[in-house]
Each structure stands twice: as structure tokens, then as C-alpha cells.
Amino acid sequence: MDGSVNNNLSIRRFSSLQDALMEHLGQKTDILRINPVHGGDINDAYMLNLSDGNCLFLKMNGEKDEEFFLREAEGLLAIGNTGRIDVPKLIGYGSDEGKAFLLMEFIRSSPKAPDFHEDFGHKLAAMHLDSCSAYTGFKNFGFISDNYIGGGRQENTPEEKWIVFFREHRLLPQLRLAEGYFDSSSLKAFDRLLERLGDILTEPWKPSLLHGDLWSGNYMTGADGKVVLIDPAVYVGHPEADIAMTELFGGFSRVFYDSYYEVIERIPGYEDRREIYNLYHLLNHLNLFGQTYLSPVLNIIRKFGR
Ligand code: ADP
């Protein structure tokens with residue numbers, strides 16, 4: 001992939017943080033305080049308090065290059081462009097003295113509106129129904145560029161068929177990285193699972209733009225009490241893959257699912273497919289964080305690779 005961006009995903013690149021701040025703030029605004037923000041897995045994050053009473057959110061990373069943040073920014077823009085669900089407004093990305101940075105609107109975490117979960121379910125469904133063909137060239141699934149899932153590289157080479165995409169660009173790259181964890185019988189089971197993938201997964205009736213990493217740490221509550229999505233790993237895929245991820249670490253509110261399924265029908269057999277979709281995330285966690293994730297991975301491989 002050449003990494004070129006579709007026009008409506010273009011984001012401003014700055015050659016220093018100072019430039020980004022000067023351009024955004026102008027001469028009259030100063031930074032009064034810089035406070036660390038905790039909760040992320042990968043990057044250093046900061047709240048910048050400004051003399052005009054506003055705040056900005058800054059992510060920095062000395063180990064990744066700026067392309068890492070460009071991909072995050074493209075994902076936020078793609079979600080924002082649907083107009084269905086809020087994301088922080090972006091200011092720009094770049095690198096400064098060897099540290100990559102991404103600068104955006106600061107979301108002041110607020111109390112949830114009474115209909116927060118209902119609204120979230122409806123908005124995610126609306127995003128999944130939105131048109132997304134601009135991101136996959138002449139194919140149906142994938143994205144204009146590879147990006148990152150947490151700290152791991154995520155392949156988005158476009159493909160015509162969802163099941164081919166999921167096998168070739170989701171499960172296989174993670175399996176190659178994780179091979180050292182498996183004995184020969186587990187590897188055989190994994191092969192059988194991959195051969196059977198067409199019997200387990202289904203093609204969606206329509207490709208959907210996905211957040212791609214939708215767990216509870218990747219949404220916030222905006223000033224209006226409604227959902228704001230952060231930290232995506234977007235691509236165009238089967239909407240069930242986003243819903244599956246929401247259920248991997250405990251699940252969202254029941255109301256969220258009820259309102260999502262009011263709009264997008266729940267297709268029988270989802271529980272099995274959910275395990276396959278989450279196998280991708282569990283393998284990624286195994287590759288990033290190690291052994292703790294081996295047993296849930298093996299359980300799925302053995303169940304479906306018999
Ligand atoms: P990482 O890329 O390291 O996982 P996150 O994007 O998850 O970092 O951000 C770390 C934390 O910062 C989040 O858990 C959230 O609480 C907070 N955060 C993320 N984006 C914003 C934002 N735009 N405004 C305010 N806080 C944010």
C-alpha cells in the first residue's frame with residue numbers, strides 16, 4: 001500500500017509542536033499548565049490548559065514515528081466524516097525532537113445523559129449503515145492504509161470478500177507473529193479453523209466502517225452527555241466484528257445492544273462468529289502482552305479447529 005490518503009481524510013502535519021500550537025492558538029493564547037492524563041496503553045497523554053479557558057489533548061510517543069498518529073487521525077476523521085457519531089476535533093500531527101505527537105480537542109468527561117447507552121447504540125448502528133466505499137478502492141473490505149490495533153500493525157489490504165479479508169489480513173498475520181506459542185497440534189487445529197472459516201463466518205449484507213477497537217476504554221462522554229469515540233483502528237468490515245469486540249472484556253450496557261439491534265438485525269449464529277472475531281483481538285493481545293492470553297486463544301482454536 002502506498003499510504004496515500006483520500007482527500008477527505010487529510011490532516012495537517014506540523015514540523016513542531018510549537019508550530020501546531022501557534023497556528024491553532026495564535027499569539028494571544030498561552031499554555032498555563034500541562035498535566036499528564038492517565039489511562040492509555042501506549043502513548044504519553046497530556047491536558048494542556050490554555051489562558052483562554054480552553055484545553056487541548058496531546059498524545060506523544062518517542063518510540064513510534066509520526067505515521068502511527070497519522071493513522072489514528074485518519075481513523076478519527078473517517079468516523080467523524082460519517083457525521084453519525086462524535087470524535088474529538090483534530091488539530092494536527094507531526095514530530096518534535098524525535099517524539100511523534102497528535103494534537104486534538106480535549107473532551108471534558110461529563111456525566112452521561114439518561115439516554116447515553118440508547119443513543120450510543122443507535123449512533124453506532126447509523127455509522128455501520130453509512131456509505132464507506134471511498135475507503136476500499138474497487139474492493140469491498142479493508143482501508144486505504146494499514147494502521148494499528150493498540151501497538152500492533154493492522155493490515156488493511158482491500159479484498160472483495162469479507163471472509164478472505166478476515167483470514168488473510170486479520171487471523172493469518174497474527175498467527176505468524178504468535179507461532180512460537182503453539183505446539184504442532186495447536187497449529188494443526190488453527191489450520192483446520194482457517195479451512196473451515198467459510199462455514200463459520202458469513203458475508204455481511206453491506207460493508208461497514210468499523211471503529212475496530214471498540215472496548216470500554218475507547219469511548220468517552222462528551223460535554224453534551226453523549227458518546228465520543230477515541231483511539232480507533234478503523235477499517236471496512238462486517239459490523240458484527242465491532243459488536244464482538246464490545247463483548248470481549250465484559251460487555252456494554254444491555255440498553256446499548258437493544259438499541260443497536262433495533263436498527264441492525266442480529267443474525268442467528270452470531271455467538272460462534274463472535275468468538276472468531278475476538279480471536280483476532282486475543283491473538284493481538286497475546287502478541288503484545290504475552291502468555292496470559294494463550295489459554296483463551298487455545299480454547300477458541302481447539303473448539304473451532306476440531
Ligand atoms: P493510548 O493511545 O495510549 O491507548 P488513549 O487514546 O486511550 O491512549 O488515551 C488515553 C486516555 O486519555 C484515555 O483513556 C482517555 O481517558 C483520555 N483521552 C483520550 N482522548 C482524549 C481527548 N480527546 N480528550 C480528553 N481525554 C482524552
Side-chain angles (χ1 to χ4, degrees), residues 11-12 14 17 20-21 24-25 29 31-50 52-81 85-96 99-112 116 120 123 145-154 210-235 242 245-246 248-250 252 281-282 284-285 287-290 293:
I11 164 150
R12 192 71 199 276
F14 293 95
L17 190 51
L21 290 166
H24 183 71
L25 305 175
T29 311
I31 297 170
L32 298 182
R33 276 190 318 281
I34 301 179
N35 293 317
V37 176
H38 302 288
D41 292 329
I42 300 158
N43 302 294
D44 298 326
Y46 304 94
M47 173 171 77
L48 311 185
N49 285 82
L50 308 177
D52 64 4
N54 289 316
C55 293
L56 293 176
F57 183 71
L58 172 69
K59 282 170 105 163
M60 295 197 89
N61 197 312
E63 260 117 60
K64 307 276 185 195
D65 63 26
E66 61 187 52
E67 186 255 2
F68 182 77
F69 285 133
L70 170 62
R71 301 306 168 211
E72 176 172 341
E74 285 175 354
L76 289 168
L77 281 176
I79 294 173
N81 284 347
I85 194 157
D86 284 343
V87 291
K89 288 184 191 61
L90 291 164
I91 295 162
Y93 76 105
S95 43
D96 196 317
K99 281 196 164 197
F101 69 84
L102 180 62
L103 192 60
M104 67 181 89
E105 174 191 7
F106 187 87
I107 305 298
R108 281 177 202 276
S109 222
S110 313
K112 288 183 171 61
F116 176 91
F120 186 2
K123 283 179 172 165
S145 49
D146 291 351
N147 50 20
Y148 295 87
I149 175 80
R153 189 85 179 158
Q154 174 163 271
L210 308 186
H211 176 281
D213 194 8
L214 195 53
W215 67 289
S216 59
N218 280 345
Y219 71 80
M220 300 185 67
T221 311
D224 59 357
K226 303 291 170 82
V227 67
V228 180
L229 294 183
I230 58 168
D231 213 10
V234 301
Y235 64 101
D242 250 0
M245 175 77 192
T246 68
L248 181 57
F249 302 117
F252 291 8
H281 294 292
L282 289 168
N284 183 47
H285 277 68
N287 286 319
L288 293 175
F289 308 117
Y293 292 92

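Treat the numbers as computed from the prediction; the structure is a model and nothing was measured. Counting starts at 1 for both ligands and their atoms, in listed order.
- Under the 3.5 Å distance criterion, the side-chain polar atoms of Asp96 are matched with a main-chain donor or acceptor of Leu17.
- Checked against a 3.5 angstrom limit, the closest N/O atoms of Ile42 and ligand 1 fall inside it.
- Looking only at heavy atoms of the protein, atom 2 (O) of ligand 1 is closest to Asn43 ND2, 2.7 Å.
- Some N or O of Ile107 is nearer than 3.5 Å to an N or O of ligand 1, by distance alone.
- Checked by atom type, the side-chain pair Glu67/Tyr93 shows no donor-acceptor distance below 3.5 Å.
- Less than 4.0 angstrom separates some heavy atom of Val37 from each of these atoms of ligand 1: 12 (O), 17 (C).
- The shortest heavy-atom distance from Met220 to ligand 1 is under 4.0 Å.
- The ligand atoms of ligand 1 that sit less than 4.0 angstrom from a heavy atom of Pro88 are 23 (N).
- Using modelled atom types, one side-chain atom of Ser110 and one backbone atom of Arg108 make a donor-acceptor pair closer than 3.5 Å.
- The shortest N or O to N or O distance between Glu105 and ligand 1 is below 3.5 Å.
- Taking only nitrogen or oxygen atoms, main chain and side chain alike, Lys59 reaches within less than 3.5 Å of ligand 1.
- Ring centroid separation for the pair Phe249 and His281 does not come in under the 6.0 Å cut-off.
- Relative ring orientation between Tyr293 and Phe289 is described as tilted, the plane-to-plane angle lying within the 30° to 60° band.
- The aromatic rings of Phe120 and Tyr219 sit perpendicular to each other, their planes meeting at more than 60°, with 30° as the lower class boundary.
- Protein heavy atom closest to atom 13 (C) of ligand 1, with residue, atom name and distance, is Ile230 CD1, 4.0 Å.
- When Tyr46, Phe57, Phe68, Trp215 are ranked by how near their heavy atoms come to atom 19 (C) of ligand 1, first place goes to Phe57.
- The side chain to side chain donor-acceptor pair (under 3.5 Å) with Gln154 is formed by just one residue from the set Asp146, Asn284, Asn147; it is Asn147.
- Annotation for ligand 1: atoms under 4.0 Å from non-hydrogen atoms of Met104 are 23 (N).
- Listed for the Asp242 side chain is a donor-acceptor partner under 3.5 Å among the backbone atoms of His211.
- The single protein non-hydrogen atom nearest to atom 7 (O) of ligand 1 is Asp231 OD2, 3.3 Å, given as residue, atom name and distance.
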